[in-house]
Visitor: 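I am attaching a structure below and will ask some questions about it afterwards.
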Amino acid sequence: MNTIITVDGPSGAGKGTLCQLLAKATGYALLDSGALYRLTALAAIKAEVALTDVQALAKLAAGLDIAFNAAEQGVTVLLAGKDVTREIREEAVGMAASQVAALQPVRDALLMRQRAFADGSGLVADGRDMGTVVFPSAAVKFFLTASAEERAKRRVLQLESVGQKADERQILTDIEARDKRDRERASSPLVPAADAILLDSTKMTIDQVFEYAMATIKKAALPS
Ligand SMILES: Nc1ncnc2c1ncn2[C@@H]1O[C@H](COP(=O)(O)OP(=O)(O)O)[C@@H](O)[C@H]1O
Ligand SMILES: Nc1ccn([C@@H]2O[C@H](COP(=O)(O)OP(=O)(O)O)[C@@H](O)[C@H]2O)c(=O)n1
């Protein structure tokens, strides 16, 4: 059994939140593909590799020494043995991630690593191109959105909840820049798959989004 559920959409739409809830409810594994791009960006920043040096970035992506350790309080992300769980969530790393993610050789380097998460036990995959490129034959595909203003508000609350400072106007500007880059790039742009279910969470609570997604999955009668 290799059932795959994909959740794509822009930053702050609630993909990570929904995917964690779906993974818990279904017992499927979880792929946070954005973390791979964030790790590539962080590795580049640490190694002082320019975000325009395509070949060096692709090499970094191919050789990333990373681990995802599931724990009671969430997933811990390690880069070269060091806990970078918080560091990769910083807005600056998100911006750098969207720059490296626009480069096809970087995407190629990460493709097989992402597909390897589908090891036969069911997978919930979170990203931008899960339903279009990485898992085009996924069983159920969601495209989760929300207005940019709502997403910026959510991001501010999220950053503040972990003690980071957040300027809502700056975050909205960053989100809009990242959306534009993700949507307009030539390689795997952020677009809904033709068979994706569109879900606008602007006025929905986390529970409502989860209930709707679970009902859809149940209707698709997936094996658990
Ligand atoms: N429907 C929702 N309503 C309000 N807040 C939400 C909703 N979905 C997610 N959030 C919150 O918004 C923030 C960003 O969600 P996240 O899942 O990280 O988004 P994404 O993975 O799409 O970037 C988190 O703090 C999360 O708790
Ligand atoms: N499948 C994916 C996942 C992320 N990305 C890129 O990686 C960046 C960070 O992704 P993320 O999912 O962690 O970002 P947030 O939605 O959490 O802000 C995005 O802005 C995209 O440019 C991508 O190109 N393809």
Side-chain angles (χ1 to χ4, degrees), residues 6-23 30-42 44 51 57 61 74-75 77 84-85 87-104 106-111 113-115 117 124-135 138 142-162 164 166 171-172 174-191 193 199-213:
T6 59
V7 182
D8 290 307
S11 177
K15 303 180 301 296
T17 307
L18 174 61
C19 286
Q20 281 178 31
L21 292 170
L22 292 179
L30 180 64
L31 164 60
D32 175 1
S33 64
L36 297 177
Y37 290 97
R38 287 173 180 269
L39 284 160
T40 304
L42 184 62
L51 299 181
L57 290 167
V75 177
V77 185
V84 294
T85 314
E87 214 174 341
I88 59 163
R89 297 292 153 207
E90 287 171 9
E91 273 306 300
V93 178
M95 281 296 262
S98 97
Q99 280 173 264
V100 303
L103 307 171
Q104 187 63 50
V106 170
R107 304 197 74 86
D108 292 342
L110 294 177
L111 184 62
R113 215 186 259 257
Q114 293 173 80
R115 289 197 176 142
F117 277 75
V124 182
D126 165 355
R128 301 291 187 287
D129 61 342
M130 298 295 98
T132 49
V133 175
V134 181
F135 302 112
F142 295 102
F143 193 84
L144 187 62
T145 61
S147 71
E149 290 73 18
E150 172 65 19
R151 291 186 282 123
K153 269 191 208 138
R154 291 179 188 174
R155 192 61 87 208
V156 168
L157 291 175
Q158 187 178 33
L159 290 168
E160 286 175 351
S161 74
V162 292
Q164 289 185 30
I171 290 195
L172 179 59
D174 287 358
I175 276 186
E176 285 174 337
R178 197 133 70 87
D179 282 0
K180 186 168 159 44
R181 187 159 37 224
D182 289 351
R183 289 194 170 114
E184 292 180 359
R185 69 185 177 213
S187 303
S188 306
L190 172 65
V191 284
L199 188 48
D200 183 342
S201 75
T202 307
K203 293 193 165 66
M204 292 170 83
T205 64
I206 291 174
D207 277 355
Q208 286 171 331
V209 173
F210 172 64
E211 293 303 333
Y212 178 89

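Indexing begins at 1, ligand by ligand and atom by atom, following the structure's order. Numbers for residues simply follow the sequence, beginning at 1.
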Visitor: Side chain or backbone of Arg155 under 4.0 Å from ligand 2, or both, or neither, by non-hydrogen atoms?
Guide: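 Arg155 to ligand 2: side-chain contact only, backbone stays beyond 4.0 Å.
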Visitor: When only distance counts, is Lys15 in polar contact with ligand 2, meaning an N/O pair under 3.5 Å?
Guide: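 Yes - when backbone and side-chain N and O of Lys15 are compared with those of ligand 2, one distance drops under 3.5 Å.
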Visitor: Are the side chain of Arg38 and the backbone of Ile88 linked by a donor-acceptor contact shorter than 3.5 Å?
Guide: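 Yes; at least one donor-acceptor contact below 3.5 Å.
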Visitor: Are a donor atom and an acceptor atom from the side chains of Arg107 and Gln104 found within less than 3.5 Å of each other?
Guide: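 Looking only at side-chain atoms, Gln104 and Arg107 do not form any donor-acceptor pair under 3.5 Å.
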Visitor: For atom 4 (C) of ligand 1, state which one of Arg155, Lys203, Arg154 supplies the nearest heavy atom.
Guide: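 Heavy atom nearest to atom 4 (C) of ligand 1 belongs to Arg154.
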Visitor: Would one find an N or O of Tyr37, backbone or side chain, under 3.5 Å from an N or O of ligand 2?
Guide: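 So ligand 2 has no N or O lying under 3.5 Å from an N or O of Tyr37.
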Visitor: So between Thr17, Asp8, Asp126, Leu199, whose heavy atom ends up nearest atom 17 (O) of ligand 1?
Guide: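 Looking at heavy atoms only, Thr17 sits closest to atom 17 (O) of ligand 1.
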Visitor: What atoms of ligand 2 come within less than 4.0 Å of a heavy atom belonging to Ala101?
Guide: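 So the answer, numbered in order with elements, is 6 (C), 22 (O), 24 (O).
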Visitor: Heavy-atom distances under 4.0 Å are what count here, so tell me which part of Ser161 touches ligand 1: side chain, backbone, both or neither.
Guide: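 The answer is neither; Ser161 stays 4.0 Å or more away.
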Visitor: Who pairs with Asp126 by salt bridge (charged side-chain N to carboxylate O under 4.0 Å, His left out), at least two apart in sequence or on another chain?
Guide: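 Expected list: none.
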Visitor: Look only at interatomic distance and state if Asp126 has a nitrogen or oxygen under 3.5 Å from any nitrogen or oxygen of ligand 2.
Guide: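 Among all N and O atoms of Asp126, none is under 3.5 Å from an N or O of ligand 2.
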Visitor: Residue-level breakdown please: for Gln208 versus ligand 1, do any non-hydrogen atoms fall below 4.0 Å on the side chain, on the backbone, on both, or on neither?
Guide: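 Gln208 to ligand 1: no contact under 4.0 Å from either part.
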Visitor: Ligand 1 versus Leu144, non-hydrogen atoms closer than 4.0 Å: side chain, backbone, both, neither?
Guide: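 None of Leu144 does.
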Visitor: For atom 9 (C) of ligand 1, which candidate among Gly14, Pro10, Ala13 holds the nearest heavy atom?
Guide: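 Selected option, by shortest heavy-atom distance: Gly14.
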Visitor: Please check whether Ser11 reaches ligand 2 - meaning an N/O of the residue sits under 3.5 Å from an N/O of the ligand, judged on distance alone.
Guide: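 By distance alone, the answer is yes.
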Visitor: Residue-level breakdown please: for Arg178 versus ligand 2, do any non-hydrogen atoms fall below 4.0 Å on the side chain, on the backbone, on both, or on neither?
Guide: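 For Arg178, only side-chain atoms sit under 4.0 Å from ligand 2.
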Visitor: With heavy atoms under 4.0 Å as the rule, classify the contact between Arg185 and ligand 2 as side chain, backbone, both or neither.
Guide: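 Only the side chain of Arg185 comes within reach of ligand 2.
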